[in-house]
Amino acid sequence: MKQPKEGEFITIKSYKHDGSLHRTWRDTMVLKTSDQSIIGCNDHTLVTESDGRRWVTREAALLYYHQHFWFNIVAMIRKRGVTYYCNLASPYLIDNEALKYIDYDLDIKVFPDGEKRLLDLDEYELHSKRYRYPEEIDRILKYNIQELVRWIEEKKGPFAPEFVDIWYERYCQLTHRRKSKHN
C-alpha cells in the first residue's frame with residue numbers, strides 16, 4: 001500500500017485482540033506521512049461502534065500514529081484547551097481500506113491543566129482474560145505506558161505546545177484549499 005498523501009482522507013479502524021472490529025472513524029484528513037508515522041485531523045467525524053451505534057465527534061482532533069510505539073494520541077481541541085486521549089494500542093498498519101490497529105483498552109487522558117489519568121484498567125483486566133493476552137503483550141504495554149508518560153512530561157511529539165498550533169493550522173489551510181477548488 002502506498003502512503004496516503006497530504007490532504008487525502010482515510011478511514012481508521014480499531015480492532016480487539018481477537019481480530020473483531022471495535023470502532024471505525026470516517027474521513028480523517030492526512031496532514032503528514034513519513035515512513036514511521038502519520039498525523040491526521042478529523043472534525044465532526046462519523047464514528048461507528050462494533051454494535052452498529054453511530055455518533056459524531058464534537059470537536060476537531062489531531063491524530064498521531066507511530067509504527068514503533070504501542071500507543072496513538074488524539075489531541076482534542078476544545079474551548080478550555082487541548083485534552084489528549086492516548087490509546088495503548090498496537091503500532092498501526094495501513095492498507096487500501098484503512099489505517100488499522102489493535103486497541104488494548106488502557107488509555108491515558110491528559111487534561112488541559114496537565115493532570116494525567118490512567119483509564120479503563122478494569123476493561124484491560126477483563127479483556128486480558130477474555131482474549132488471553134500473552135505475557136509479552138502485557139510487558140510491551142507496561143513499557144509503553146512509561147514511554148508515553150515520559151513523552152507527556154517532556155512535552156515530546158504531539159505534547160509539544162507548538163504541535164497543535166502547527167498541525168491544526170495546516171488542517172485549516174488544506175480545508176480552505178479544498179473548499180476553494182469546489183466553489
Side-chain angles (χ1 to χ4, degrees), residues 12-17 22-25 27-32 36-50 53-92 99 101-131 133 137-172:
I12 296 170
K13 292 185 172 199
S14 71
Y15 294 85
K16 286 301 179 188
H17 185 76
H22 172 52
R23 188 173 287 143
T24 303
W25 292 261
D27 302 330
T28 293
M29 182 189 280
V30 173
L31 302 177
K32 179 179 189 275
Q36 298 186 6
S37 64
I38 290 185
I39 298 170
C41 186
N42 60 42
D43 190 1
H44 293 81
T45 293
L46 178 65
V47 180
T48 306
E49 301 288 341
S50 58
R53 279 184 308 122
R54 296 153 73 102
W55 52 280
V56 174
T57 60
R58 290 196 306 261
E59 65 264 313
L62 292 167
L63 314 169
Y64 178 87
Y65 297 92
H66 201 285
Q67 288 198 310
H68 298 299
F69 295 104
W70 285 64
F71 53 78
N72 57 63
I73 301 164
V74 180
M76 297 172 289
I77 303 166
R78 297 182 168 160
K79 285 183 179 64
R80 291 190 303 279
V82 177
T83 298
Y84 292 92
Y85 202 88
C86 312
N87 299 293
L88 278 113
S90 69
Y92 76 92
L99 180 150
Y101 63 89
I102 298 169
D103 181 293
Y104 281 104
D105 318 306
L106 294 169
D107 304 297
I108 295 178
K109 191 170 182 180
V110 185
F111 296 88
D113 66 1
E115 179 197 345
K116 293 183 290 294
R117 226 179 267 167
L118 181 63
L119 306 174
D120 302 328
L121 268 166
D122 50 345
E123 190 181 340
Y124 178 75
E125 293 297 322
L126 180 75
H127 288 160
S128 180
K129 289 179 183 70
R130 178 186 299 162
Y131 300 126
Y133 294 167
I137 293 284
D138 196 57
R139 266 197 307 279
I140 289 168
L141 294 174
K142 285 180 176 146
Y143 171 81
N144 277 270
I145 287 171
Q146 293 173 336
E147 184 67 16
L148 184 55
V149 168
R150 191 172 66 76
W151 280 35
I152 294 164
E153 288 171 352
E154 294 176 6
K155 298 192 180 335
K156 185 176 170 181
F159 303 103
E162 64 277 8
F163 179 91
V164 169
D165 296 339
I166 289 166
W167 293 109
Y168 188 64
E169 174 63 27
R170 186 70 190 128
Y171 172 71
C172 292

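Quick note: numbers below take in every heavy atom, side chains included, and nothing from hydrogens, waters or symmetry partners. When a residue number appears, it is its place in the shown sequence, counting from 1.
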Ile152 and Lys116 have their tightest heavy-atom pair at CG2-CD, 3.6 Å
Specify the closest pair of heavy atoms between Thr24 and Lys13, including all atoms of both residues, with the distance to one decimal. OG1-CG, 3.9 Å
Exceeds 12 heavy-atom contacts within 6.0 angstrom, atom NZ of Lys155: no
Measuring from atom CH2 of Trp70 to atom CD1 of Ile102, what distance do you get when rounded to the nearest 0.5 angstrom? 7.0 Å
For Asp113, the side chain to side chain contact (heavy atoms under 4.5 Å, CB included) test, sequence neighbours excluded, returns Phe111, Glu115
How long is the span from the CH2 atom in Trp167 to the CD atom in Glu162, to the nearest 0.5 Å? 11.5 Å
Test side chain to side chain contact (heavy atoms under 4.5 Å, CB included) applied to Val164 - qualifying residues, sequence neighbours left out: Leu62, Ala75, Ile77, Val82, Tyr84
Looking at residues at least two apart in the chain, or sitting in another chain, which of them share a side chain to side chain contact (heavy atoms under 4.5 Å, CB included) with Leu119? Tyr85, Asp107, Lys109, Arg117
Quickly, which of Val30, Ile12, Asn72 forms a side chain to side chain contact (heavy atoms under 4.5 Å, CB included) with Leu63? Name it, please. Ile12
ring-ring contact (aromatic ring centres under 6.0 Å, His included) between His127 and Tyr133, worked out: CA-CA 8 Å; His127 288 160; Tyr133 294 167; 7.3 Å; no
Measure the spacing between CG of Leu99 and CH2 of Trp25 and express it to the nearest 0.5 Å. 10.0 Å
Between Asp43 and Ala60 the two heavy atoms that sit nearest each other are OD1-N, 3.3 Å
For atom CZ of Arg139, decide whether the heavy atoms of other residues, nucleotides or ligands shown that lie under 6.0 angstrom number more than 12. yes
Quick check: closest heavy atoms across Tyr171 and Leu31, and the distance to 0.1 Å? CA-CD2, 3.7 Å
Only counting residues at least two apart or in another chain, list the ones meeting side chain to side chain donor-acceptor pair (under 3.5 Å) with Tyr131. none
Treating Ser50 as the side-chain partner and Arg23 as the backbone partner, does any N or O pair qualify as donor plus acceptor under 3.5 Å? no
Taking only residues two or more places apart in sequence or in another chain, which ones pass side chain to side chain contact (heavy atoms under 4.5 Å, CB included) with Asp103? Ser14, Lys16, His22, Asn87, Tyr101, Asp105
How would you list, by chain and number, every residue that makes a ring-ring contact (aromatic ring centres under 6.0 Å, His included) with Phe69, sequence neighbours excluded? His66, Phe71, Trp151
Can you check side chain to side chain contact (heavy atoms under 4.5 Å, CB included) on Tyr65 and Ser37, steps first, answer last? CA-CA 5 Å; Tyr65 297 92; Ser37 64; over 6 Å; no
So which atom in Pro112 and which in Gly81 form the shortest heavy-atom distance, rounded to 0.1 Å? CG-C, 3.9 Å
In Å, rounded to the nearest 0.5 Å, how long is the span from CG of Leu88 to NZ of Lys142? 12.0 Å
The test is side chain to side chain contact (heavy atoms under 4.5 Å, CB included); show your working for Asp122 and Leu126 and say whether it passes. CA-CA 6 Å; Asp122 50 345; Leu126 180 75; over 6 Å; no
When rounded to the nearest 0.5 angstrom, what distance separates CG in Asn144 from CG in Leu148? 8.0 Å
At their closest point, which heavy atom of Asp27 faces which heavy atom of Asn42, and how far apart are they? O-CB, 3.7 Å
Checking Arg58 against Arg78 for the side chain to side chain contact (heavy atoms under 4.5 Å, CB included) test, could you report, in this order, the C-alpha distance in whole Å, the side-chain angles of both residues, the deciding distance, and whether it holds? CA-CA 9 Å; Arg58 290 196 306 261; Arg78 297 182 168 160; 4.0 Å; yes
So for atom CZ, which belongs to Arg150, do other residues, nucleotides or ligands contribute more than 12 heavy atoms lying within a distance under 6.0 Å? yes
